[in-house]
A.B. asks: 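I have a structure I would like to understand better, so I am pasting it below and will then ask my questions one at a time.
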Amino acid sequence: MSSDKKMSLTVKVLLGMVLGIIVGLVINLTGLNAPGSFINEYIVNGLFHVVGKMFVNSLKMLVVPLVFFSLICGVCGIGDIRMLGRVGGKSFALYMLTTAIAIATAIVIAVAFGIGKGMNVATNAEFVGKESPPLTQVLIDIIPTNPINAMANGDMLPIIFFSILLGISILMVGKKAKGIIAGAEVANEIMMKMVTIVMSVAPYAVFALIAKAVATLGLDLLQSLAGYVGVLVGSLMFHLFITLMIILKVFSGLSPAMFLKKIRNVQVFAFSTASSNATIPVTMRTVTERFGVNNSVASFTVPFGATINMDGTAIMQGVATVFIANVYNVELGISGYLTVILMSVLASIGTAGVPGVGLIMLSMVFTQVGLPVEGIGLILGVDRLMDMIRTAVNVSGDATVSTIVAKSEGKMDIGVYNDPDAGILDTDEALELDESFEKEIADTIEKVRNQ
Ligand code: ASP
């Protein structure tokens, strides 16, 4: 199988993204997206909307069973149950540390640029703050009163808790439970196949998602908020390419260039869905099959990170706080900024990685430091695009920490990590049916029928 052929899905997805941006821009700039127009009704909010939403739904459909089965396999295959505590502790510490560094750098950069000073932005957009759950409730809610309910709602922390406890109990039951472990292994493999099937339509779906987002973006707003957008995007890129890569190199010794090359696919999925949670299947596949992280680590660190780790979101909060404080002429001072850092880190624990959640966290931060929550209305118009970019940074943080933790626990295949072609998805090959098995099953069914 040639490497060219293996590259095809990644290239197609990137192509879908570029074409989506071009088509979206054309629709936006030519005014074809006017409300009531044919293009707006039937193409942007019709075809693109439906295709994009169907794809995001299919990704979300995979998340709960994938996390459930892979965590059971991960816990049972860990070999040393004490490692679980270490993996939990290390990943939690690293997730909090990277988030705190992210927001601190963002505040420094935004203050240095003095964004929003002397600015007078008129806005009609209203923002009504929503509550983010208090930390005590977050802790209580880690334990589900009903695991089925947690799964039905896609609540990640209780699902993780229940699956780990189930895995440990299976190990305690011992030999009698061997069949269950084997079953979970097969179920996990089947879920991974489903990820492959869904990913095979990604190029078209990514096109639709991005074309719709760009077509409906307020590009004129982008201009009037150029200072905010520029500093925010700059801080996000700084974190992704400099901070995270230094952390990766220092803690694991692995090549940042290889990391950046292989993480691209995950970033495109995160960018187009604006949801770390919906990207879990793709992050999980990439981290295990392209980076060589053992499932016993990835099955925990990836869904855990999607929930509690939000470097990009924290950066947005840092930049937005400085921006709004300057626009409203509020002096926050060192203690105000320290409160912002603390609040953002804590808020990231209790909120899930879904689109737009960053704004909810922001309103909580604003209330805490006494900034007007309505001020968020100023940045509302550009937030959808910013959400897409920061989600790509969020998932890159999840993958960085997963890699570092796996390397430190000796649960990493360095050969896979360093092989540029490892785990590249060749959908033509991966989606082939096992014909001999198909025939065997058909024969068996036929036999049963004739009995
Ligand atoms: N959309 C982000 C995520 O899923 C969260 C946010 O910043 O709103 O990670």
Side-chain angles (χ1 to χ4, degrees), residues 52-53 55-57 59-60 62-64 67 95-96 98-100 102-103 106 127 129-133 138 154-157 206 209-210 213 217 228-229 232-233 235-237 239-240 244 263 266-284 286-287 301-321 323 340 343-366 373 376 379-402:
K53 271 275 182 240
F55 177 68
V56 175
N57 279 2
L59 279 173
K60 286 186 184 163
L62 305 176
V63 172
V64 174
V67 169
Y95 281 141
M96 293 301 100
T98 48
T99 306
I103 183 165
F127 185 78
K130 262 199 238 153
E131 290 274 307
S132 161
V138 172
D155 295 335
M156 217 36 78
L157 293 182
V206 164
L209 282 166
I210 293 192
L217 274 179
Y228 169 74
V229 171
L232 177 49
V233 174
S235 309
L236 287 168
M237 293 307 119
H239 186 73
L240 171 61
L244 282 180
I263 196 71
V266 184
Q267 289 169 336
V268 174
F269 276 81
F271 181 77
S272 34
T273 59
S275 168
S276 303
N277 266 16
T279 312
I280 287 176
V282 187
T283 318
M284 199 100 106
T286 305
V287 165
T301 52
V302 170
F304 191 47
T307 313
I308 74 156
N309 181 53
M310 293 187 193
D311 297 358
T313 306
I315 289 170
M316 177 277 278
Q317 295 180 12
V319 177
T321 307
F323 178 68
V340 173
M343 290 309 295
S344 295
V345 174
L346 291 181
S348 67
I349 303 177
T351 41
V354 293
V357 83
L359 288 182
I360 299 174
M361 293 158 68
L362 191 61
S363 65
M364 182 178 152
V365 172
F366 274 23
V373 173
I376 297 177
I379 52 169
L380 215 53
V382 292
D383 196 68
R384 170 69 196 172
L385 179 63
M386 298 301 111
D387 194 3
M388 293 162 81
I389 304 176
R390 68 182 182 246
T391 307
V393 176
N394 288 347
V395 294
S396 307
D398 302 344
T400 307
V401 171
S402 302

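First listed ligand is number 1; within each ligand, the first listed atom is number 1.
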A.B. asks: My understanding is that only residues two or more places apart in sequence, or in another chain, count here; which of them pass salt bridge (charged side-chain N to carboxylate O under 4.0 Å, His left out) with D155?
C.D. replies: none
A.B. asks: Can you pull out the closest protein heavy atom to atom 8 (O) of ligand 1? Residue, atom name and distance to 0.1 Å, please.
C.D. replies: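 That would be G358 N, 2.7 Å.
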A.B. asks: Side chain of S275, backbone of G353: donor and acceptor closer than 3.5 Å?
C.D. replies: yes
A.B. asks: So how far is it from S272 OG to Q267 CD, rounded to the nearest 0.5 Å?
C.D. replies: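 That separation rounds to 11.5 Å.
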A.B. asks: Among all protein heavy atoms in this structure, tell me which lies nearest to atom 2 (C) of ligand 1, with the distance rounded to 0.1 Å.
C.D. replies: T391 OG1, 3.3 Å
A.B. asks: Just to be sure I read this right, does ligand 1 sit under 4.0 Å from the backbone of M316, its side chain, both, or neither, counting only heavy atoms?
C.D. replies: neither
A.B. asks: Quick check on contacts: which atoms of ligand 1 are under 4.0 angstrom from a heavy atom of G356?
C.D. replies: 8 (O)
A.B. asks: Report the part of V354 in contact with ligand 1, treating N, CA, C, O as backbone and CB onward as side chain, heavy atoms under 4.0 Å; options are side chain, backbone, both, neither.
C.D. replies: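 Backbone only; the side chain of V354 stays clear of ligand 1.
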A.B. asks: I'd like to check which ligand 1 atoms, numbered from 1 as shown, lie under 4.0 Å from a non-hydrogen atom of A274.
C.D. replies: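 Near A274, the atoms of ligand 1 are 1 (N), 4 (O).
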A.B. asks: Of V64, V302, V395, which meets side-chain contact (heavy atoms from CB on, under 4.5 Å) against I280?
C.D. replies: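 Looking at V64, V302, V395, the match for I280 under the side-chain contact (heavy atoms from CB on, under 4.5 Å) is V302.
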A.B. asks: Pull out every atom of ligand 1 sitting under 4.0 Å from any heavy atom of S275, numbered as shown with elements.
C.D. replies: 4 (O)
A.B. asks: Side chain, backbone, both or neither: which part of S276 has a heavy atom under 4.0 Å from ligand 1?
C.D. replies: both
A.B. asks: Is there at least one pair of N or O atoms, one from N277 and one from ligand 1, spaced under 3.5 Å apart?
C.D. replies: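 The answer is no, given that N277 and ligand 1 share no N or O pair closer than 3.5 Å.
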A.B. asks: Side chain, backbone, both or neither: which part of D387 has a heavy atom under 4.0 Å from ligand 1?
C.D. replies: side chain
A.B. asks: Could you tell me which atoms of ligand 1, counted from 1 in the order shown, lie closer than 4.0 angstrom to a heavy atom of G353?
C.D. replies: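 Those of ligand 1 that fall under 4.0 Å from G353 are 3 (C), 4 (O), 9 (O).
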A.B. asks: I'd like to know if the side chain of S402 pairs up with that of D398 as donor and acceptor (distance under 3.5 Å, no hydrogens or angles considered).
C.D. replies: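 No donor-acceptor contact under 3.5 Å links the two side chains.
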A.B. asks: Can you tell me how far apart CG (L346) and CE (M361) are? Round to the nearest 0.5 Å.
C.D. replies: 10.0 Å
A.B. asks: Any non-hydrogen side-chain atom of M316 less than 4.5 Å from a side-chain atom of L232?
C.D. replies: yes
A.B. asks: Taking V268 as the fixed residue, which of V206, I263, T279 is the one that meets the side-chain contact (heavy atoms from CB on, under 4.5 Å) rule?
C.D. replies: V206
